[in-house]
Amino acid sequence: MSIKNAYLAGVYEGLAKRNAEQKEFLQAVDEVLESLEPVIEARPELEKNGLIERIVEPERVVMFRVPWVDDNGKVQVNRGYRVQFNSAIGPYKGGLRFHSSVNLSVIKFLGFEQVFKNSLTGLPMGGGKGGSDFDPHGKSDAEVMRFCQSFMTELYRHIGPDCDVPAGDIGVGGREIGYLFGQYKRITNSFVGVLTGKGIPYGGSLARTEATGYGLCYYTDEMLKANGKSFDGAKVVVSGSGNVATYANQKATQLGGKVIAMSDSNGYIVDENGIDYKVIKEIKEVKRARIKTYLDYVPSAKYVEGSSGIWTVPCDIALPCATQNELDLDGAKALVANGCYAVAEGANMPSTPDAVAYLQANKVLFAPAKASNAGGVATSGLEMSQNSQRLSWTFDEVDGKLQGIMKNIYANTAAAAEAYGMKGNLVAGANIAGFNKVADAMLAQGIV
Ligand code: NDP
């Protein structure tokens with residue numbers, strides 16, 4: 001624990017005792033509480049109202065059995081989760097993750113982060129997160145459908161367009177959202193905007209698929225410009241090759257950068273001529289194959305087994321877009337040694353605390369996930385608005401609003417850091433700006 005303020009340290013210690021095994025959750029809380037020290041000193045009413053004790057405790061946690069039948073007729077059982085963390089500023093909102101590593105700690109860390117991220121977007125959305133330890137890799141479409149239907153058969157009673165609106169995350173893309181939506185509609189006999197990331201023919205928003213990756217680059221662009229730099233001519237390394245990574249590649253390239261390395265959980269590819277995001281899309285979305293397949297398209301590229309080595313590829317800008325804690329201290333040291341000047345998080349909490357500290361100490365511009373990857377949920381918020389109005393906006397309209405939102409998030413996070421004496425520290429700025437709005441709403445609503 002790195003928290004010095006006595007009130008915050010006491011809350012953290014109590015939380016750590018009650019949730020000793022939840023290391024990802026505790027890591028996320030530690031980082032936020034550390035940033036809040038100057039806020040707690042400036043606002044004594046927060047301690048009096050037990051604001052921190054309340055904000056670190058989810059409003060509700062649902063855990064459930066998900067039984068389904070595989071293609072061989074065998075019954076399989078997974079565990080499902082929905083953590084409804086905070087509804088002070090709007091309905092719970094946050095994705096569903098299907099991955100074998102999912103457990104309560106991972107979902108609570110993601111739900112906790114989501115509260116502040118959603119607040120930063122300026123849209124009326126509370127925070128939540130859910131998922132399952134089901135792994136869609138290697139499953140047939142029919143198996144994925146049966147799993148999604150079983151998952152929704154329990155989840156539907158806990159969600160709703162004015163209560164909790166899930167979306168995608170790792171392992172949950174357009175296919176899964178479609179199956180989940182179909183089952184919700186069938187059970188409830190209502191066609192409502194209960195999920196975001198839907199397909200365009202049934203209420204999805206144009207630009208939602210691209211939004212997290214695009215938003216990441218819009219935020220990064222603002223950060224670079226404020227420091228006299230830009231994507232133009234920069235060598236960019238993007239980890240992952242899923243939704244966020246693919247569209248981060250596309251936008252970084254459009255802004256003048258050259259994406260020279262990408263990865264999946266098996267290894268990474270390096271192509272000094274620049275990786276075309278359309279090839280990655282085909283490998284991952286159409287063929288559902290491994291990133292190694294890139295060599296079939298570009299034989300001159302290099303493939304290296306093991307994903308963590310990607311940070312040793314010399315670059316100017318690094319965009320970790322795969323998963324939590326994928327960029328550790330060794331990775332950060334390699335980036336600094338090779339002259340990398342900016343790291344912007346596309347994934348949630350991809351950098352370990354010691355990696356963040358090392359990057360910041362070495363004057364690397366650092367954009368924290370809460371702010372830099374908020375474009376996905378912001379556009380989900382825009383999808384909710386379109387569903388409520390029963391209208392759909394054009395791609396350019398949504399993309400334009402996304403750009404405006406990301407510029408605002410940059411301005412607000414930079415301003416909050418400066419106002420609390422930590423100019424340039426966007427980690428602190430994002431935590432403080434996101435927190436203050438939620439805290440004000442909680443104070444106004446009484447002890448609930
Ligand atoms: P996807 O499932 O589309 O992609 C995840 C990618 O990360 C896959 O290429 C996967 O490879 C790779 N990966 C997983 N673990 C590792 C690892 N240890 N090393 C290298 N690569 C790895 O997920 P998303 O792109 O949607 O999500 C990525 C991150 O972004 C997550 O942290 C998510 O929470 C966050 N995020 C996503 C948003 C969205 O709108 N989708 C919004 C905000 C945040 P493999 O196929 O081998 O598993």
Side-chain angles (χ1 to χ4, degrees), residues 24 28 93-102 106-107 109-111 113-114 117-118 120-121 127 129-131 135-138 166-177 195-197 204-205 207-216 219 237-249 261-269 277 280-281 283-285 287-294 304-311 319-328 331 344-352 368-381 383 402 406:
E24 292 86 358
K93 181 90 198 83
L96 297 171
R97 175 176 293 190
F98 292 169
H99 193 268
S100 51
S101 64
V102 163
V106 168
I107 299 296
F109 120 63
L110 290 164
E113 294 270 303
Q114 197 81 46
K117 180 187 308 191
N118 293 2
L120 285 173
T121 66
K129 200 83 188 188
D135 181 2
H137 285 114
D169 189 76
I170 293 181
V172 180
R175 174 182 61 170
E176 290 76 14
I177 292 289
L195 289 160
T196 56
S205 174
R208 171 61 187 93
T209 308
E210 294 83 354
T212 310
Y214 279 21
L216 168 67
Y219 186 93
V237 164
V238 180
S239 65
S241 45
N243 172 268
V244 180
T246 302
Y247 296 101
N249 172 330
M262 291 184 77
S263 59
D264 63 18
S265 54
N266 292 109
Y268 66 93
I269 50 165
Y277 83 98
I280 299 297
K281 215 166 122 63
I283 293 171
K284 289 291 167 183
E285 287 175 23
K287 299 195 165 164
R288 296 195 185 271
R290 309 310 302 158
I291 195 123
K292 196 179 178 177
T293 314
Y294 186 80
V304 183
E305 197 68 26
S307 56
S308 60
I310 193 169
W311 309 120
L319 305 176
C321 295
T323 193
Q324 64 267 12
N325 292 328
E326 53 162 318
L327 170 52
D328 62 9
E345 298 185 318
N348 282 313
M349 205 169 75
S351 321
T352 59
K370 253 180 228 94
S372 51
N373 76 17
V377 72
T379 308
S380 278
E383 183 173 330
L402 170 65
M406 297 314 294

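Index from 1, following the sequence. On a predicted model such as this, the values are computed, not experimentally measured, just so you know. Whatever order the structure lists ligands and atoms in, that order sets their numbers, starting from 1.
- Under a 4.0 angstrom heavy-atom cut-off, Arg208 registers as being in contact with ligand 1.
- Ion pair Lys281/Glu285 flagged as a salt bridge, since at least one NZ, NE, NH1 or NH2 atom sits closer than 4.0 Å to an Asp/Glu carboxylate oxygen.
- For the pair Asp264 (side chain) and Ile291 (backbone), a donor-acceptor distance under 3.5 Å is present.
- Listed for the Lys284 side chain is a donor-acceptor partner under 3.5 Å among the backbone atoms of Ala289.
- Scanning the protein for heavy atoms near atom 25 (O) of ligand 1, the closest one is Val244 N, 2.9 Å.
- Residue contacts with ligand 1: Cys321 is included, with a non-hydrogen atom under 4.0 Å away.
- Glu113 places no side-chain N or O within donor-acceptor distance of the main-chain N or O of Leu110, the cut-off being under 3.5 Å.
- Put simply, no part of His99 is less than 4.0 Å from ligand 1, judged by heavy atoms.
- Nearest to atom 9 (O) of ligand 1 by heavy atom, out of Gly197, Gly173, Ser241, is Ser241.
- Taking each of Ser265, Ala369, Gly171 in turn, the one with a heavy atom nearest to atom 14 (C) of ligand 1 proves to be Ser265.
- Of the options Ala322, Gly240, Pro350, Ser307, the smallest heavy-atom separation from atom 19 (N) of ligand 1 is shown by Ser307.
- The side chain to side chain contact (heavy atoms under 4.5 Å, CB included) test with Ser263 is passed by exactly one of Ser241, Ser239, Ser308: Ser239.
- Evaluated by nearest non-hydrogen atom to atom 4 (O) of ligand 1, the leading choice among Gly376, Gly306, Gly242 is Gly242.
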